Amino acid sequence: MTRTILSALLGHWRRNPLHLITLLAGLALGTALWSGVQAINAEARASYDAAATALGEGSYAQIVAQDGAPIPQQNYVVLRRAGWTVSPVLEGDLGGVRIVGIDLLTAPRGIGPVSVDGGADLGAFLTGGGQIFARADTVANLPDTGAVGIIAPHVAPNTAIMDIGLAQRLLGRAGQIDRLIVSPEQPITRRPLATIAPGLIETAPQDSSDVARLTDSFHLNLTAFGLLSFVVGLFIVHGAIGLAFEQRRQMVRTLRALGVPLGRMILLIAAELAMLGLIAGLVGVALGYAVAAALLPDVAATLRGLYGADVSGQLTLRPAWWLSGLAIAVGGTAVASAGALWSLARMPLLASAQPRAWVMARQGAGLTIASVGLLLLAVGLAVWGHGLIAGFVMLGALLVGGALALPPLLTLALRWGEARARSPVAQWFWADARQQVPGLSLALMALLLAMTANVGVSTMVSSFRLTFIGFLDQRLASELYVSATDAAQADRIVAVAETQGVAVLPILSVNAQVAGQKVEIYGARDHATYRDNWHLLRAVPDVWDALARAEGVLVNEQLYRRAGRDLGTMVAIAPGLELPVLGIYGDYGNPVGQVILNDAVFTRQFPGVTALRFGLRIDPSQIDGVRAILRDQAGLTDSAMVDQASIKALSLSVFERTFTVTTALNILTLAVAGFAMLMSLLTLAEMRLPQLAPVWALGVPRRNLAALDLLRAALLGALTSALALPLGLTLAWALLAVVNVEAFGWRFPMYLFPLDYLRLGALALVAAALAALWPAWRLSRMPPVQLLGVFRHER
Amino acid sequence: MNARLFVLLLLLPFQAMAQGFAGLGTDAAGFSQPRSDTVLQFPADHGAHPDYRIEWWYLTANMTGPDGTPYGLQWTLFRSALAPRDGQGWDSPQLWMGHAAVTTPDAHHVTERLARGGIGQAGVNAAPFSAWIDDWVMEGPDINTLRLTASAPDFAYDVSLNAKGPLVLHGQNGYSVKSAAGQASHYYSQPFYKLYGTLTLPEGDVPVTGTAWLDREWSSQPLAQDQTGWDWFSLSFDSGDKLMGFVLRGSKDYTSATWIGADGTTIALLDGAFVVAPLSHHRVAGRTLPVEWQVLLPEKGVDVVVKALNPDAWMATSVPYWEGPVMISGSHKGAGYLEMTGYDD
């Protein structure tokens with residue numbers, strides 16, 4: 001019997017292949033974007049993890065020099081001999097590849113090339129020419145070193161791991177160490193760090209690696225896109241399933257009347273849907289893989305350029321990923337069909353099918369109430385909510401509430417138009433548009449969500465871009481940046497600069513702990529550069545004068561938000577040095593807190609720290625001349641001098657990459673929404689015949705009816721876009737002011753981009769019109785006999 | 001294969017256990033070989049011999065606390081060379097491994113350190129004598145007067161050693177044969193240390209006094225192909241006499257022993273003179289090991305039972321083995337140390 005019932009149920013899909021396609025395609029497209037984004041994020045995270053594991057970030061405390069300088073190797077031995085079980089790490093760049101030198105004998109478990117099957121032995125790693133562990137593409141990129149390259153797929157992208165002795169030789173840094181990994185197990189007789197090596201400080205293990213924290217905001221954007229696409233997909237599925245249930249009521253009634261128990265009926269329908277969900281999930285995961293593979297190179301380039309994070313450009317097929325893609329497809333089907341199954345379970349045995357009534361019923365007070373409730377919830381959370389979870393719930397409430405508000409608002413707008421229409425055809429046009437709203441509402445909601453996401457995310461990305469460029473202008477106020485290798489060369493740079501009459505701004509910094517957090521402390525010289533260029537988020541009056549008089553410090557926004565160091569709050573910088581906050585500055589893209597001191601105070605407090613980096617204020621036309629003089633007289637290499645323009649050009653090129661990704665996702669989400677629209681219109685086309693036939697019979701040609709249908713779709717698209725704009729801007733505000741602050745500790749101002757919104761609106765119109773094109777064409781070609789048929793056997 | 005495993009494989013020969021140990025059973029080309037005509041020179045030979053493949057400074061002590069509780073202590077520095085040369089910086093082929101342990105009747109604390117040669121993290125100087133790895137030291141003006149320290153997350157010790165007798169050369173003037181096929185090492189001991197100092201245990205500090213025994217051995221190929229491990233005894237009798245003896249287990253067991261009189265005079269005992277038989281076994285770390293032995297040396301009237309103070313004295317280090325203090329009863333009374341290697345699980 002089971003087979004017979006199943007065959008009867010599946011017969012519906014055979015007779016209505018369009019429904020089947022709608023259901024499968026909606027779910028598959030939603031799953032595709034969602035799982036595509038997940039694949040990109042998973043790949044990036046795996047790359048960060050590989051890097052963090054290799055370097056011991058994350059799980060282990062680290063020891064670094066307070067002034068950020070290399071640690072002499074002798075100090076490593078001194079620490080070991082004082083009972084500190086620490087392991088040395090040296091990092092550097094060789095031909096664009098990140099070199100990591102470690103000591104396998106002292107490194108904590110799990111650090112180093114973890115999977116090196118075959119061909120490897122410790123003797124070869126430690127002595128002679130040495131061995132280099134890296135991915136195949138990295139090995140190929142390395143210059144000839146004399147060492148043997150060993151292919152190790154688990155090493156982080158663009159990273160080469162080798163013995164520290166070999167790293168010192170290749171990088172020309174004999175006797176130097178960058179940092180020490182502190183093993184969690186330390187002997188009980190260990191002496192305090194301050195008494196053994198006063199210039200070194202220990203930093204606690206980071207919850208997540210710096211790079212992962214930095215890039216979180218980027219991944220959040222991707223996730224938001226993926227989630228919205230999936231929600232849009234679910235709207236489509238919900239519509240398709242609901243309609244299919246309604247159309248199958250007669251069949252269900254017949255089957256029940258023939259004696260099929262309700263429980264089995266529901267079970268079989270659920271099984272049927274699960275199967276469809278699984279099929280759509282498989283297709284979606286495959287599509288998602290294709291999307292991810294196509295986008296990953298751009299994402300990887302963005303992350304590398306923007307955050308210095310190395311992400312593999314190659315996609316790995318992870319079981320956890322495709323399984324979760326399938327799960328979310330089946331789960332989404334369950335969510336979308338729960339309501340339909342519920343009403344089926346309560347259906348009176350002999351109730352007749354009412355597909356049109358079902359369509360029309362999806363409007364009314366319930367929706368409006370739900371929408372108002374959700375929007376109020378969003379407002380409440382925005383005002384009183386705390387934490388990231390509250391931020392996301394707020395986003396969800398805002399989007400769903402906004403989507404549910406669409407049908408009543410559209411109805412209102414169409415009534416308004418109808419009231420002003422004069423000719424009968426115009427009046428019919430408005431009225432007919434209004435009575436189509438319920439049937440199209442799901443597709444229009446999908447369009448609304450896609451538009452909203454586009455407006456919101458692109459506003460956020462573009463605002464970040466503008467803010468970041470402005471921030472670069474402030475921060476990169478000097479025309480030329482130079483780095484010395486040692487104090488002697490630093491002195492020569494200052495001397496040469498003075499003979500050239502160039503203002504030199506030393507960049508003094510140490511690492512420290514303030515308010516229990518890892519921070520960087522900078523010493524700033526009182527100079528017009530800061531006064532002219534730096535825009536503080538908040539400050540006391542005459543802040544630069546006060547800073548010059550050493551009356552306080554400046555802190556970055558991260559420290560202000562995380563440690564609650566507001567204006568006037570005291571900051572304990574070092575034992576015996578406590579100063580109030582004079583100003584707060586934006587510091588985008590930096591994961592750690594910062595404190596800026598007057599350079600005199602800095603030098604008094606940290607006498608051992610000398611400046612090795614300098615900003616030079618030069619007339620832009622003289623940059624090349626000064627470069628040449630510094631090269632000849634101070635012995636600086638070209639790589640030690642970077643001019644402002646190149647840094648900015650690099651940053652901008654990175655943003656172009658970001659836009660490639662954002663634009664691609666924009667177009668894909670709009671495509672999903674357009675598809676939803678097409679499917680709804682096709683479904684409605686048949687049902688609308690009873691409404692169209694009388695108008696045709698009254699003398700409006702089919703061609704005109706088709707043209708009016710096109711116009712109607714464009715009108716609905718335009719109205720939806722009009723509502724999407726405020727909703728999208730609210731979304732952007734929520735991302736900027738709530739989610740970003742909670743997630744990353746900084747907030748940036750929101751800018752508006754009217755031209756972009758206009759273009760997006762036009763795109764939405766095009767999508768709606770394109771979706772209406774085929775149904776309209778079919779209508780214009782419909783045989784009159786079919787229209788006449790409506791009068792022959794009206795239901 | 002994990003990086004840690006490389007280290008393990010490489011350092012395995014130290015214990016001279018089974019054949020798998022980094023090819024120690026194979027050729028040792030380029031390394032110096034022990035020779036029977038070598039005359040040991042002191043203090044130079046207290047220092048390292050980088051042209052030999054492996055070497056150790058191996059100290060064990062039997063001690064008692066204020067309440068009479070017996071304790072055991074181990075401090076060992078192993079040297080392993082990847083190539084027969086010394087060198088400065090990371091390029092040095094010399095690798096170092098330290099093992100430290102404290103055994104009580106109820107507990108056995110173990111820890112391990114690894115270090116590269118050439119950078120100062122570990123090494124040995126002959127005079128004034130100093131052997132170190134990280135913060136662990138065995139050092140003093142000469143080999144007779146030493147301070148010994150080691151530390152771990154759960155224990156530490158700091159003791160002083162004073163030698164009350166002469167150095168003892170094993171085998172033929174310190175040339176100790178290890179198999180019928182002629183494998184050998186250079187081997188001498190200082191078994192006459194008096195010890196006092198402090199053990200730092202999880203329960204607190206314990207002042208201790210006792211005796212200690214230092215073994216020095218270096219070679220390039222200590223085991224024959226068929227030999228799988230050894231049982232090694234260092235026994236100090238209440239009479240003042242001492243006995244060092246070992247059995248190298250192979251297709252045919254090979255034994256060697258040295259009888260050390262209270263005045264330091266020695267008698268080298270050839271293969272077969274020293275006889276041991278396991279009396280009872282104990283399961284530890286997934287293996288079954290004999291932790292009670294009958295030891296016979298008929299020519300000196302020795303017929304004793306040697307029993308582990310704590311049968312769980314398993315050294316869970318990169319290269320695992322059993323090493324712990326023993327109590328002696330029977331024809332002679334006393335205390336000593338037992339080492340058992342090559343008992344695979």
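Naming convention: chains lettered A, B, ... in sequence-line order (proteins, then strands); numbering from 1 in each chain. Note that this is a predicted model, so its numbers are computed, not measured.
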Any donor-acceptor N/O pair, A/Arg81 side chain to B/Asp135 backbone, under 3.5 Å:
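Pair absent, no side-chain N/O of A/Arg81 close to backbone of B/Asp135.
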Q.
Counting only non-hydrogen atoms closer than 4.5 Å, does A/Gln73 touch chain B with its backbone (N, CA, C, O), its side chain (CB onward), both, or neither?
A.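 For A/Gln73, side-chain heavy atoms alone lie under 4.5 Å from chain B.
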Requested in this report: Give, as side chain, backbone, both or neither, the part of A/Pro88 having an atom under 4.5 angstrom from any heavy atom of chain B.
Outcome: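 Just the side chain, heavy atoms under 4.5 Å.
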Exercise for review: Output the residues of residues 136-149 of chain A for which the shortest heavy-atom distance to chain B is under 4.5 Å, in residue-number order; output 'none' if no such residue exists.
Suggested key: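 Counting heavy atoms that sit under 4.5 Å from chain B, no residue of residues 136-149 of chain A is involved.
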- Most contacts with chain B, counted as non-hydrogen pairs under 4.5 angstrom, among A/Leu166, A/Thr189, A/Asp103: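 Going by pairs under 4.5 Å, I would pick A/Asp103.
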Exercise for the section: Select, from A/Gln168, A/Arg169, A/Gln74, the one with the greatest count of heavy-atom pairs under 4.5 Å involving chain B. Expected result: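 Between A/Gln168, A/Arg169, A/Gln74, the count favours A/Gln168.
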So which part of [X] gets closer than 4.5 Å to some heavy atom of chain A, the side chain, the backbone, both or neither?
X	value
B/Ala152	backbone
B/Ala122	neither
B/Ser92	backbone

Crowding at CZ, B/Arg85 (>12 non-hydrogen neighbours, <6.0 Å):
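Yes, enclosed.
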| task | State, with a plain yes or no, whether a side-chain heavy atom of A/Asp163 is found less than 4.5 Å away from one of B/Arg116. | result |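 They are in contact (side-chain heavy atoms under 4.5 Å apart), so the answer is yes.
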Stepwise side chain to side chain contact (heavy atoms under 4.5 Å, CB included) test for A/Glu185 and B/Thr111
CA-CA 11 Å; A/Glu185 296 251 292; B/Thr111 189; over 6 Å; no
Separation between CG of B/Leu114 and OG1 of A/Thr106, rounded to the nearest 0.5 Å: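 B/Leu114 atom CG to A/Thr106 atom OG1 measures 8.5 Å (nearest 0.5 Å).
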Approximate separation, where rounding is to 0.5 Å, of B/Arg113 CZ and A/Leu105 CG: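 If I round to the nearest 0.5 Å, the distance is 13.0 Å.
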- prompt: Relative to chain A, which of B/Trp132, B/Phe155, B/Trp136 shows the most heavy atom pairs under 4.5 Å?
  reply: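 Result: the option with the highest number of such pairs is B/Trp132.
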